[in-house]
4 protein chains.
Amino acid sequence: MNESDSQVFHPESFRIDPSRPLYEQYVEQIRARIACRQLLPGTRLPSVRDFAAVMRINPTTAARTYQELERDHLLETFRGQGTYVTRDTAQIAAARKAIAQAAVRELHEVAESLGLSVRGLLELAEWEE
Amino acid sequence: MNESDSQVFHPESFRIDPSRPLYEQYVEQIRARIACRQLLPGTRLPSVRDFAAVMRINPTTAARTYQELERDHLLETFRGQGTYVTRDTAQIAAARKAIAQAAVRELHEVAESLGLSVRGLLELAEWEE
Amino acid sequence: MNESDSQVFHPESFRIDPSRPLYEQYVEQIRARIACRQLLPGTRLPSVRDFAAVMRINPTTAARTYQELERDHLLETFRGQGTYVTRDTAQIAAARKAIAQAAVRELHEVAESLGLSVRGLLELAEWEE
Amino acid sequence: MNESDSQVFHPESFRIDPSRPLYEQYVEQIRARIACRQLLPGTRLPSVRDFAAVMRINPTTAARTYQELERDHLLETFRGQGTYVTRDTAQIAAARKAIAQAAVRELHEVAESLGLSVRGLLELAEWEE
DNA sequence: GTGGTCTAGACCACA
DNA sequence: GTGGTCTAGACCACG
C-alpha cells in the first residue's frame with residue numbers, strides 16, 4: 001500500500017450503518033464517488049486486502065464490494081496489477097444517470113402511493129432547495 | 001370475515017417481492033393506504049387470521065404486520081374485537097408527512113453523493129411531471 | 001336506571017386505553033373513586049346491565065369489573081336490590097393505603113433497578129411538586 | 001460462547017414472572033442494566049442462540065428481546081458479528097431519564113386519582129428513605 | 001370470536 | 001459463526 005493509495009479511502013469518509021449489509025453500503029458509496037468524479041478514471045484502488053484492513057472489515061466483504069463494482073463495469077481488475085477505476089467514461093456517465101433515475105423513480109413511486117405528484121410530494125415534505 | 005372486510009384487502013392489490021421481508025412490505029403498503037386516505041380512520045381491518053389466509057402467509061407474519069403498524073399509532077387494537085385504523089387523524093397526517101420527508105431526504109442524499117442539487121438530479125434523470 | 005344513577009358514571013369520565021384489559025381499567029378507576037371519597041359509602045351503583053350500556057362495553061366485562069371490586073370488599077351486592085359502595089370505611093381506608101403503597105413500592109423497585117434512591121429517581125426525572 | 005459472555009448473563013439474575021410476556025421482562029431488565037451502567041457501552045451480548053439456551057427460552061423469544069432493545073437504540077447489531085450495547089451514551093442517558101420519568105408520571109397519576117399530591121402519597125404509604 | 005405469546009424448527013444472507 | 005425471517009401449530013386472556 002503506497003501513500004497515494006492510502007489517500008484514496010479513509011475509513012472516516014464512509015458512513016456505515018451496521019444494521020445494513022456492509023458490502024452494499026461500500027458499493028453505493030464507491031459508485032457515487034466514481035459517478036461524481038471524486039474518483040477519476042484510471043485511479044488505482046487499494047488491494048482488497050488493504051481495503052479490508054483500512055476499513056477494518058472482513059476481506060470477503062471487501063472482495064464482494066469490488067466484485068459488485070466490476071460487474072457494473074465501474075472497476076477493472078488486471079490480475080496481479082491491481083484494481084482501477086474504469087477509463088470508459090461512457091460507463092461512468094451511464095452509471096451517473098442510472099443512479100439519478102433510480103432515485104427519481106423511487107420518489108415517484110412514493111408520491112404515487114400517497115396519491116400525489118412528485119411536486120406535491122416535495123411540497124408536503126416542505127422541501128426547499 | 002364479512003363481505004365489507006373482504007373488500008378491504010385483495011391479495012392481488014399487494015405487490016410483494018418474495019426476496020424482501022414480507023411483513024415489511026405489507027407494513028409499507030398498508031401504511032401508504034392509510035396515509036393516502038384509501039383506508040379511512042375507524043375502518044376495521046380483517047382479523048389477523050383472515051388476513052393471513054387471504055394473503056396466504058403465516059398468521060404470525062400477519063400479526064407482526066399489524067403490530068408494527070400499531071406501534072406506529074396507525075392501527076388501534078381493541079382486545080377481543082379486532083384491529084382498526086386509528087381515528088387520530090393527526091397521527092395519520094404525521095405519518096403522511098414522515099413518508100414524504102423520508103423520500104425527499106433520500107433523494108437529497110443521493111443528489112449530494114453525486115455532487116448535485118435536487119434540481120440538478122431531477123434534470124439529470126430527465127424527469128418531467 | 002334513575003337519574004341519580006346516571007350521574008354516578010359518565011363514559012367520558014373514564015380514560016380507557018383499548019390495548020389494555022378493559023375490566024382492569026374500570027376496576028382501577030372505580031377503586032380510586034371510592035378511595036378518594038368521590039364515590040361515598042352506601043352509594044348505589046348502576047346495574048351491571050346499565051353500566052355496560054352506558055360504557056358501551058360487553059356485559060360480561062361489566063360483570064367482571066363488579067366482581068373484582070366485590071372480591072376486594074369495596075362493593076357489596078344485595079341480590080335483587082343492586083350494588084353499593086361498602087359502608088365499611090375501614091376497608092376503604094385500607095384500600096387507599098394499599099394503592100399508595102403499591103405505587104411507592106413500584107417506584108422503589110424502579111429506583112433500585114437504576115441504582116438510585118427514591119429521592120435520586122425523583123431528581124433524575126426532574127420532578128417538582 | 002466464551003467465558004466473558006457467560007459472565008454477562010446468569011439465568012438466576014433475571015427475575016421472571018411466567019404469567020407476563022417473557023420478552024417484555026427480559027427487555028425491561030436488560031434495559032435497566034444498561035441504564036444503570038451494569039452493562040457498559042460496547043459490551044458484546046451473548047448470541048441470540050446462547051441467550052436462548054442459557055435462559056431456556058425459544059430462540060425466537062430471545063431474538064424478539066434483542067430486537068425490541070435495538071429499536072430503542074440501546075443495542076446495536078452488527079450483521080454476522082453479534083449484538084452490542086450501544087456506544088451512544090446519549091441514548092443511554094435518555095433511556096435512563098425516560099425510565100425515571102415514566103415511573104414518576106405513574107406515581108403522579110396514582111396520587112392524582114386519590115386526590116393527593118405526590119408528597120401526600122408518599123406520606124400515606126409511610127415511605128421513608 | 002379476537003389478538004398476543006411461545007415453542008419448534010427451518011432457511012437465508014451476511015461477515 | 002451471526003442475526004433475520006418464515007412456517008406450523010399450540011395455548012392463553014379478553015370481550
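None of these values were measured; they are calculated from a predicted model. Proteins get letters first, then strands, A, B, ... in listed order; numbering begins at 1 in each. Quick note: numbers below take in every heavy atom, side chains included, and nothing from hydrogens, waters or symmetry partners.
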Nearest-0.5 Å distance, [atom1] of residue [X] to [atom2] of residue [Y]:
X         : Y         : atom1 : atom2 : answer
Arg96(D)  : Arg31(D)  : CZ    : CZ    : 14.0 Å
Leu107(C) : Arg105(C) : CG    : CZ    : 12.0 Å
Leu45(D)  : Asp50(D)  : CG    : CG    : 11.0 Å
Ile34(B)  : Asp72(B)  : CD1   : CG    : 9.5 Å
Met55(A)  : Tyr26(A)  : CE    : OH    : 5.5 Å

Please report, to 0.1 Å, the donor-acceptor pairs under 3.5 Å made by any side chain of residues 86-95 of chain D, with sequence neighbours excluded.
{"from": "Thr86(D)", "atom 1": "OG1", "to": "Asp88(D)", "atom 2": "N", "distance (Å)": "3.0"}
{"from": "Asp88(D)", "atom 1": "OD1", "to": "Ala90(D)", "atom 2": "N", "distance (Å)": "3.0"}
{"from": "Asp88(D)", "atom 1": "OD1", "to": "Gln91(D)", "atom 2": "N", "distance (Å)": "3.3"}

What's touching nucleotides 9-12 of chain E from the protein side, N or O pairs under 3.5 Å?
{"from": "dG9(E)", "atom 1": "O6", "to": "Thr60(D)", "atom 2": "OG1", "distance (Å)": "3.4"}

Please state how far atom [atom1] in [X] lies from atom [atom2] in [N], giving the value in whole angstrom units.
X        : N       : atom1 : atom2 : answer
Arg64(D) : dC6(F)  : CZ    : C1'   : 15 Å
Glu76(B) : dT2(E)  : CD    : P     : 19 Å
Arg56(D) : dA8(E)  : CZ    : P     : 11 Å
Tyr84(D) : dG1(F)  : OH    : P     : 16 Å
Gln81(B) : dG15(F) : CD    : P     : 9 Å
Arg71(D) : dG3(F)  : CZ    : P     : 17 Å
Leu45(D) : dT2(F)  : CG    : C1'   : 13 Å
Leu75(D) : dT2(F)  : CG    : C1'   : 15 Å

Would you list the atom pairs, donor with acceptor, under 3.5 Å between side chains in residues 75-82 of chain B and any protein atom, with sequence neighbours excluded?
{"from": "Thr77(B)", "atom 1": "OG1", "to": "Thr83(B)", "atom 2": "OG1", "distance (Å)": "3.2"}
{"from": "Arg79(B)", "atom 1": "NH1", "to": "Ser19(C)", "atom 2": "O", "distance (Å)": "3.2"}

**Q.** Glu28(D): partners by side-chain hydrogen bond (donor to acceptor under 3.5 Å, both in side chains), with sequence neighbours left out
**A.** Arg20(D)

Q.
On DNA chain F, does the nearest nucleotide to Ala63(D) precede the nearest nucleotide to Thr61(C) from the 5' side, or the other way round? Give the residue.
A. Ala63(D)

Q.
Judged by each residue's nearest nucleotide on DNA chain E, which is more toward the 5′ side, Tyr66(B) or Ile57(D)?
A. Tyr66(B)

(Q) Are more than 12 heavy atoms, taken from residues, nucleotides or ligands other than Arg71(D), located less than 6.0 Å from that residue's CZ atom? (A) yes

Q: Establish, from distance only, whether the side-chain atoms of Ser13(D) and Arg33(D) form a donor-acceptor pair under 3.5 Å.
A: yes

Q) By a strict heavy-atom criterion of less than 4.0 Å, which residues belonging to residues 12-27 of chain A are in contact with DNA chain E? A) Pro21(A), Leu22(A), Tyr23(A)

Q: Hunt down any stem DNA chain F takes part in, defined as 3 or more consecutive Watson-Crick or G-U pairs whose two distances are each under 3.5 Å.
A: E:1-14 with F:1-14

Q: Please name the residue in the list Leu22(B), Leu74(B), Leu69(B) that meets the side chain to side chain contact (heavy atoms under 4.5 Å, CB included) test with Val27(B).
A: Leu69(B)

Q: Check the angle between the aromatic planes of Tyr66(A) and Phe51(A) and answer parallel, tilted or perpendicular using the 30° and 60° thresholds.
A: tilted

Q: Answer yes or no: does a side-chain N or O of Thr83(B) lie under 4.0 Å from OP1 or OP2 of dG3(E)?
A: yes

Q. What nucleotide among dT2(E), dG4(E), dT2(F) has an atom nearest to a side-chain atom of Gln67(B)?
A. dG4(E)

